[in-house]
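Worth knowing before you read on, the calculation uses all heavy atoms, side chains too, and leaves out hydrogens, waters and symmetry mates.
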Amino acid sequence: METEEQSEGLAFHPMDQFKIQPLFNDGPIHWYTITNATLWMAVVLLCVLALFVIGTRGRAIIPSRIQSVAELGYGFVHKMVEDVTGKDGLKFFPYVFTLFCFIVFSNFLGLIPGAFTTTSHIAVTGILAVAVFLTVTIVGFVKHGTHFLGLFWVKSAPLALRPILAVIEIISYFVRPVSHSIRLAGNMMAGHAVIKVFAAFAPLILISGIGIAVTPLSILAIVAMYALEILVAFIQAYVFTILTCVYLRDALHPGH
């Protein structure tokens, strides 16, 4: 029969990696407390500055590798904004580009063993999504006034269905920040948790005979999941950004 100490030693909690903890003490967390989350947000900002400020300071005609990556990212997001929102949406490019850079760097840095994935927390992604929601709503009303409400009135539908569709459109509009934030946080959290679960089986070769078969399989699963997470890290940043562009397009051109 296992002792209480042995049971505690075997306890495994894959969600512990998402706990926000203070860096310098074990006391309560206040708004000014420096935590693992704030540390990795600062690392993200430093990496973005290093790539786009330090990496491109020379502005060489024949770019270095770092400058090439920076220009590729800039051009990628610029084309996305222009294609989705149109020429008049390019004035929001700095905002959209900042969102993309923060999310993509947060996602990729979170794949470093021992790192903290800030975008796995709904508090972070929720703030980003609410900021997008408020920006889109304010832009819509400032640019079009009450005509912005035409976004909810589907003129192409039969007259009898328009009130029903209007209610559906209003509900879907206010659900946007929820789905926008949960999609990103949920995908990042799920992938990291699965990798942690597979990692728990890797040391079985040291304590059990069955580990001879389980450990190699768990290592292969970790490698496969890690490769998938690299892809997901970029895709989720892309999805969040392109949805932001779609919402901006609705604000700039609200007609159905």
(request) Could you tell me the separation between the CZ atom of Phe18 and the OG atom of Ser120, rounded to the nearest 0.5 Å? (result) 5.0 Å
(message) Tell me if a side-chain donor or acceptor on Arg176 pairs with a main-chain N or O of Phe133 at a distance below 3.5 Å.
(response) no
(request) First locate atom CE of Met188, then atom OG1 of Thr118, and finally report the distance between them rounded to the nearest 0.5 Å. (result) 9.0 Å
(request) Measure the spacing between CD1 of Ile219 and CZ of Phe201 and express it to the nearest 0.5 Å. (result) 13.5 Å
(request) Would you indicate whether the side-chain heavy atoms of Trp153 and Lys155 approach each other to under 4.5 Å? (result) yes
(request) Write out all pairs satisfying salt bridge (charged side-chain N to carboxylate O under 4.0 Å, His left out) with one or both partners inside residues 215-234, taking only residues at least two apart or from two chains. (result) none
(message) Assigning hydrophobic clusters by single linkage (Ile, Leu, Val, Met, Phe, Trp, Tyr; side-chain heavy-atom cutoff under 4.5 Å), is Ile122 placed with Val178?
(response) yes
(message) Applying a strict under-4.5 Å side-chain criterion to I, L, V, M, F, W and Y, I'd like to know whether Val139 and Leu149 cluster together.
(response) yes
(message) Could you check whether any side-chain heavy atom of Leu161 comes within less than 4.5 Å of a side-chain heavy atom of Pro158, counting everything from C-beta outward?
(response) yes
(message) Quick one, Asp250 and Val136 - any side-chain contact, counting heavy atoms below 4.5 Å?
(response) no
(request) Kindly compute the distance separating OG1 (Thr33) from CG (Leu23), expressed to the nearest 0.5 Å. (result) 10.0 Å
(message) Taking atom NE2 as the centre, does His78 end up with more than 12 heavy-atom neighbours from other residues, nucleotides or ligands that are less than 6.0 angstrom away?
(response) yes
(message) Can you confirm whether more than 12 heavy atoms, excluding those of Ile34, are under 6.0 Å from its CD1 atom?
(response) no
(message) Let's go through Tyr95 and Thr135 carefully: what are the C-alpha distance in whole Å and the side-chain angles of both, what is the deciding distance for side chain to side chain contact (heavy atoms under 4.5 Å, CB included) to 0.1 Å, and is it a yes or a no?
(response) CA-CA 10 Å; Tyr95 175 58; Thr135 300; 3.9 Å; yes
(request) Give the cluster check for Ile112 versus Leu45: same hydrophobic cluster or not, with ILVMFWY residues linked at side-chain heavy-atom distances below 4.5 Å. (result) no
(request) Heavy atoms only: give me the nearest Val81-Gly89 pair and the separation to one decimal. (result) CG1-O, 3.5 Å
(message) Return the CD1 to CE distance between Ile182 and Met189, rounded to the nearest 0.5 Å.
(response) 11.0 Å
(request) Keeping the roles fixed (side chain from His121, backbone from Ala185), state whether a donor-acceptor pair exists under 3.5 Å. (result) no
(message) Hydrogens and angles aside, do His192 and Thr117 bring a side-chain donor and acceptor to less than 3.5 Å of each other?
(response) yes
(request) Evaluate the side-chain proximity of Asn107 to Phe234: yes if any heavy-atom separation is below 4.5 Å, no if none is. (result) no
(message) Minimum heavy-atom separation for Arg183 and Asn187, please, with both atom names.
(response) O-ND2, 2.6 Å
(message) Nearest 0.5 angstrom please: Leu184 CG to Ser179 OG, how far?
(response) 11.5 Å
(request) Ignoring hydrogens and angles, state whether a donor on the side chain of Thr125 or Thr119 is under 3.5 Å from an acceptor on the partner side chain. (result) no
(message) If you count every heavy atom of other residues, nucleotides or ligands that lies below 6.0 Å from Tyr238 atom OH, does the total exceed 12?
(response) no
(message) Would you say that Tyr74 contacts Phe93 through its side chain, given a criterion of any heavy-atom pair below 4.5 Å between the two side chains?
(response) yes
(message) I need the minimum non-hydrogen distance between Ser181 and Ala129, along with the two atoms involved.
(response) CB-CB, 3.8 Å
(request) Sort out for me which residue in Val96, Val246, Val104 forms a side chain to side chain contact (heavy atoms under 4.5 Å, CB included) with Thr241. (result) Val96
(request) Could you tell me which non-hydrogen atom of Cys245 sits nearest to which non-hydrogen atom of Thr85, and how far apart they are? (result) O-CG2, 3.2 Å
(request) Using a strict cut-off of less than 4.0 Å between a Lys/Arg side-chain nitrogen and an Asp/Glu carboxylate oxygen, indicate whether Asp83 and Arg249 qualify as a salt bridge. (result) no
(message) Quick check against the 3.5 Å criterion: does Asn36 have a side-chain atom that pairs as donor or acceptor with the backbone of Gln21?
(response) yes
(message) Using side-chain heavy atoms (C-beta onward) and a distance below 4.5 Å, is Leu128 in contact with Val132?
(response) no
(request) Just say parallel, tilted or perpendicular for the rings of Phe152 and Phe148, cut-offs at 30° and 60°. (result) perpendicular
(request) Tell me, please, which residues at least two apart from Phe24 pass ring-ring contact (aromatic ring centres under 6.0 Å, His included). (result) none
(message) A side-chain contact here means heavy atoms from C-beta on lying under 4.5 Å apart; do Met80 and Ile242 qualify?
(response) yes
(message) Run the side chain to side chain contact (heavy atoms under 4.5 Å, CB included) test on Phe102 and Val48 for me, step by step, so that the C-alpha distance in whole Å, both residues' side-chain angles and the decisive distance to 0.1 Å come before the verdict.
(response) CA-CA 8 Å; Phe102 177 80; Val48 173; 5.9 Å; no
(message) For a quick check under 3.5 Å, do Thr137 and Tyr173 share a side-chain donor-acceptor pair by atom type?
(response) yes
(message) Using a 3.5 Å distance criterion without hydrogens, assess whether the side chain of His144 forms a donor-acceptor pair with backbone atoms of Ala251.
(response) yes
(message) Using a 3.5 Å distance criterion without hydrogens, assess whether the side chain of Thr56 forms a donor-acceptor pair with backbone atoms of Phe52.
(response) yes
(request) Establish whether Ile235 and Leu109 are linked, either directly or via other cluster members, by ILVMFWY side-chain heavy-atom contacts under 4.5 Å. (result) yes
(message) Applying side chain to side chain contact (heavy atoms under 4.5 Å, CB included) to Ile20 and Phe116, what does each step give before you reach the verdict?
(response) CA-CA 9 Å; Ile20 296 179; Phe116 184 84; 3.9 Å; yes
(message) A side-chain contact here means heavy atoms from C-beta on lying under 4.5 Å apart; do Ile222 and Met225 qualify?
(response) no
(message) Ring-plane angle category for Phe76 and Phe100, please: parallel below 30°, perpendicular beyond 60°, tilted otherwise.
(response) tilted
(message) Is there a continuous path of hydrophobic side-chain contacts, each under 4.5 Å between heavy atoms, that joins Leu46 to Phe97?
(response) no
